[in-house]
Amino acid sequence: MQAVLEHSPPAGATARTTKRTGFLLLSPSVLILLVWSIVPLVMTLWYSLQNYNLVDPTLHGFAGLDNYWYLLTDPDFLHSLLNTLVLVAGVLIISVGGGTLLAVLYDQEFFGRGIARIMVISPFFIMPTVSALLWKNLMLHPIYGVYSAMMRAVGLTPIDWLARFPLMTVMMIVAWEWLPFAVLILLTAVQSLDGEQREAARMDGAGPIARFRYIILPHLGRAISVVVMIETIYLLTIFAEISVTTAGGPGVASTNLAYLIYSRALLQFDVGGASAGGVVAIVIANIVAIFLVRAVARNLEA
Amino acid sequence: MATVELKNLRKTYLTEEIIKGISLSIEEREFVVFVGPSGCGKSTLLRMIAGLEDITSGDLLIDGHRMNDVEPGKRGLAMVFQSYALYPHMNVYKNMEFGLKLSGMPEAERRAKIEHVARTLQLEPYLNHKPGQLSGGQRQRVAIGRAIVRNPKVFLFDEPLSNLDAALRGQMRVELSALHRKLGATTIYVTHDQVEAMTMADKIVVLQKGVVEQIGSPLELYHHPRNLFVARFIGSPPMNFFSAIFQGGDAAGSSVQLRDGSSLYVPVTSPGLLPGTKVTVGIRPEHVELASSGPNSGVVEVIERLGAITLVHVRMPDGEIIVVQTDGAALTDVDTRVSLTLPPHNCHLFAPDGLAFEACHRHPLAA
Ligand SMILES: Nc1ncnc2c1ncn2[C@@H]1O[C@H](COP(=O)(O)OP(=O)(O)OP(=O)(O)O)[C@@H](O)[C@H]1O
Ligand SMILES: [Mg+2]
């Protein structure tokens with residue numbers, strides 16, 4: 001006892017030095033990360049307050065909040081904001097809903113399950129540009145596409161999906177890319193469900209639907225919220241699929257916020273306006289993130 | 001209250017037969033315990049009765065109706081699992097309510113039932129707790145409560161107490177016995193705990209490698225084991241064995257000669273056995289008596305003093321260890337030479353094929 005008491009102050013001091021050394025060792029990476037994220041942010045903020053158009057060097061100087069004003073009163077901006085939300089919500093509903101059903105399905109024993117699992121997961125490994133091209137040219141092309149050939153084979157006129165329903169088609173392509181991710185996460189979650197719990201439910205007289213509704217779905221709660229959070233973060237910035245398939249058109253029918261910023265900066269060379277759009281996008285992403293993190297954190301605690 | 005009957009039940013996984021034709025009939029209100037070494041198929045058999053495993057062949061009758069192809073939820077059984085298998089996202093009340101709700105029982109009736117059961121099991125203060133907020137013993141009670149509210153014809157238990165510490169296990173054992181007396185429901189209980197089997201069972205079924213070795217009351221198995229396996233399995237510490245040569249027998253007993261030349265006249269019948277056959281003499285540690293001199297001597301190797309009793313491990317000249325259970329105050333010392341007295345009426349005799357010879361007199365408690 002005596003010995004312990006005598007030794008405790010030096011022990012505390014050691015802990016403190018260890019902690020300080022830890023901070024010192026961590027600081028370079030923290031510093032790099034800070035510079036990495038802060039510098040572009042500050043530059044964007046700076047440009048968003050400037051008159052800065054690459055094709056019109058005569059107009060320059062401090063613009064105040066003009067860029068924001070033009071942006072927020074631009075009907076295209078509101079339209080693209082709405083498109084962003086529709087895209088995120090639509091893809092989430094399809095991928096989480098479909099992912100849950102597929103996860104439960106692939107949890108069953110059936111012949112060839114291993115291969116089927118690999119196949120359902122594989123779209124995730126195709127890069128967005130490629131999968132958008134695949135869909136645009138191989139599947140949905142009104143003349144050469146597989147879908148069109150199938151329609152013609154039964155005597156129907158194929159629809160030109162990308163021209164008729166541009167936003168919905170983009171949504172479908174993105175959902176096709178993200179469904180495997182949802183399946184992957186949710187399948188591992190389904191498999192972690194205690195077998196005796198399912199059996200207890202069977203003994204309680206629960207059929208497959210009641211088991212899904214009352215046992216499996218609550219068990220999946222956390223995994224679903226993780227999928228929603230991760231997907232939302234990525235879906236807010238969908239770009240490649242739009243750029244490859246519709247280029248945001250016709251008009252702005254399939255333009256989301258990310259694509260709008262791109263077209264302002266690199267098609268219209270309006271760096272100031274694009275930066276203002278970028279700042280608005282950052283604000284929106286953060287608002288969404290705050291809500292999501294709160295909801296998920298609550299779910300993870302329970 | 002129901003009867004359960006198994007008729008030549010078999011189960012094959014892929015190519016391996018796990019349950020090899022088990023026939024058994026369970027009376028109304030009976031408390032039947034399945035015991036056996038790990039992997040012998042106890043859980044599999046119980047799960048076949050529950051409907052969680054398919055029956056490969058044979059018939060399962062509950063109250064005389066064939067149940068082989070009836071859904072688990074419709075067999076009128078309730079099961080308590082080793083891991084309790086409570087639904088983690090539902091509170092205690094909802095856990096108990098789940099089965100009732102699915103069966104379409106009206107709300108008021110459900111509430112009355114659950115409150116009654118919660119009172120019986122002293123779970124009232126915890127009805128709004130989630131399983132994660134309960135102790136092991138409380139979870140166990142909830143699992144039992146969930147089974148009771150459904151008012152099943154038969155209760156199934158798969159090692160329900162094995163996750164509890166020793167003291168709690170003892171307490172729950174007594175509670176379960178009392179509950180069984182009160183509810184009077186037919187019960188099938190799987191365990192590999194000797195004490196649970198001996199104290200709770202009306203009837204014990206000893207299984208080994210998918211076959212029934214013996215069915216009987218606890219004391220019947222203790223006093224009249226049918227073969228070497230049951231003799232070794234029931235009783236703790238396990239029975240001691242001596243090899244011996246059969247010399248001859250009559251209606252009142254059989255005489256055998258032990259390794260050291262001493263002979264023993266055991267009151268068991270041995271019809272048709274040829275003198276000179278190798279047999280095995282079995283005697284429980286609590287029946288061997290220690291003497292300072294005489295036949296069957298050996299050296300004390302280990303002494304375990306448990307307070308009330310003392311276990312003396314004696315190394316015999318042929319290298320075998322014989323365990324003797326004596327009084328807690330026994331003064332024997334390690335490394336001293338002792339000799340063992342084997343009271344003949346407590347000895348069992350086993351033929352070379354492992355089967356026990358019929359005792360001339362049944363033990364009064366195992367009639
Ligand atoms: N799904 C399965 N597929 C193949 N073999 C199985 C399966 N389930 C159990 N077995 C085999 O059946 C045998 C009996 O298993 P069981 O679980 O009934 O044993 P047990 O008597 O309950 O043992 P324990 O006391 O360890 O719980 C074991 O040899 C096991 O390997
Ligand atoms: Mg088992």
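Only a predicted model underlies this, so the values are computations on that prediction, with no experimental measurement involved. We name chains A, B, ... by the order of the sequence lines, and we start the count at 1 in each one. These values consider heavy atoms only, across backbone and side chains, with no hydrogens, waters or symmetry-generated copies.
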Inset, instruction - Please collect all side-chain hydrogen bond (donor to acceptor under 3.5 Å, both in side chains) contacts where either partner lies in residues 73-84 of chain B, sequence neighbours excluded, each pair once. - result: A:Glu196-B:Ser83, B:Gln82-B:Ser162

Inset, instruction - Might you confirm whether atom NE2 of A:His79 has over 12 heavy atoms from other residues, nucleotides or ligands at distances under 6.0 Å? - result: yes

Inset, instruction - Mind checking the CG-CZ spacing from B:Leu52 to A:Arg202? Nearest 0.5 Å is all I need. - result: 5.0 Å

Legend entry - B:Glu16 atom CD, neighbour heavy-atom count above 12 within 6.0 Å: no

Inset, instruction - Name the option with the most non-hydrogen atom pairs under 4.5 Å to chain A; the candidates are B:Ser103, B:Pro88, B:Gly51, B:Ala78. - result: B:Pro88

Inset, instruction - Find the distance between CD1 (A:Ile215) and CZ (B:Phe98) and round it off to the nearest 0.5 Å. - result: 4.5 Å

Inset, instruction - Could you tell me whether A:Glu199 and B:Arg47 have a side-chain N and a carboxylate O separated by less than 4.0 Å? - result: yes

Legend entry - Neighbour count >12 (heavy atoms, 6.0 Å) for atom CZ, B:Phe31: yes

Inset, instruction - Verify, without hydrogens or angle tests, whether B:Tyr87 (side chain) and A:Ala201 (backbone) share a donor-acceptor contact under 3.5 angstrom. - result: yes

Inset, instruction - Would you check if the side chain of B:Arg146 reaches a backbone N or O of A:Ala200 as a donor-acceptor pair within less than 3.5 Å? - result: no

Inset, instruction - Count the heavy atoms belonging to other residues, nucleotides or ligands that lie under 6.0 Å from NZ of B:Lys113, then report whether that count exceeds 12. - result: yes

Inset, instruction - May I ask you to check whether over 12 heavy atoms, not counting those of A:Ile209, lie within 6.0 Å of atom CD1? - result: no

Legend entry - Heavy-atom contact with chain A under 4.5 Å, split by part of B:Leu102: side chain

Legend entry - Point-to-point distance, once rounded to the nearest 0.5 Å, from CD of B:Glu97 to CG of A:Asp204: 11.5 Å

Legend entry - Most contacts with chain B, counted as non-hydrogen pairs under 4.5 angstrom, among A:Ala210, A:Pro218, A:Ala206: A:Pro218

Inset, instruction - Give a yes or no on whether A:Leu25 atom CG has more than 12 heavy-atom contacts from other residues, nucleotides or ligands under 6.0 Å away. - result: yes

Inset, instruction - Could you tell me which portion of B:Leu100 (side chain, backbone, both or neither) has an atom closer than 4.5 angstrom to a non-hydrogen atom of chain A? - result: neither

Legend entry - Test item: A:His219 side-chain N/O and B:His89 main-chain N/O as donor-acceptor pair under 3.5 Å: no

Inset, instruction - Give, for atom NZ of B:Lys101 and atom OH of A:Tyr214, the distance between the pair rounded to the nearest 0.5 Å. - result: 5.5 Å

Legend entry - Within 6.0 angstrom of B:Asn68 CG, more than 12 heavy atoms from elsewhere: yes

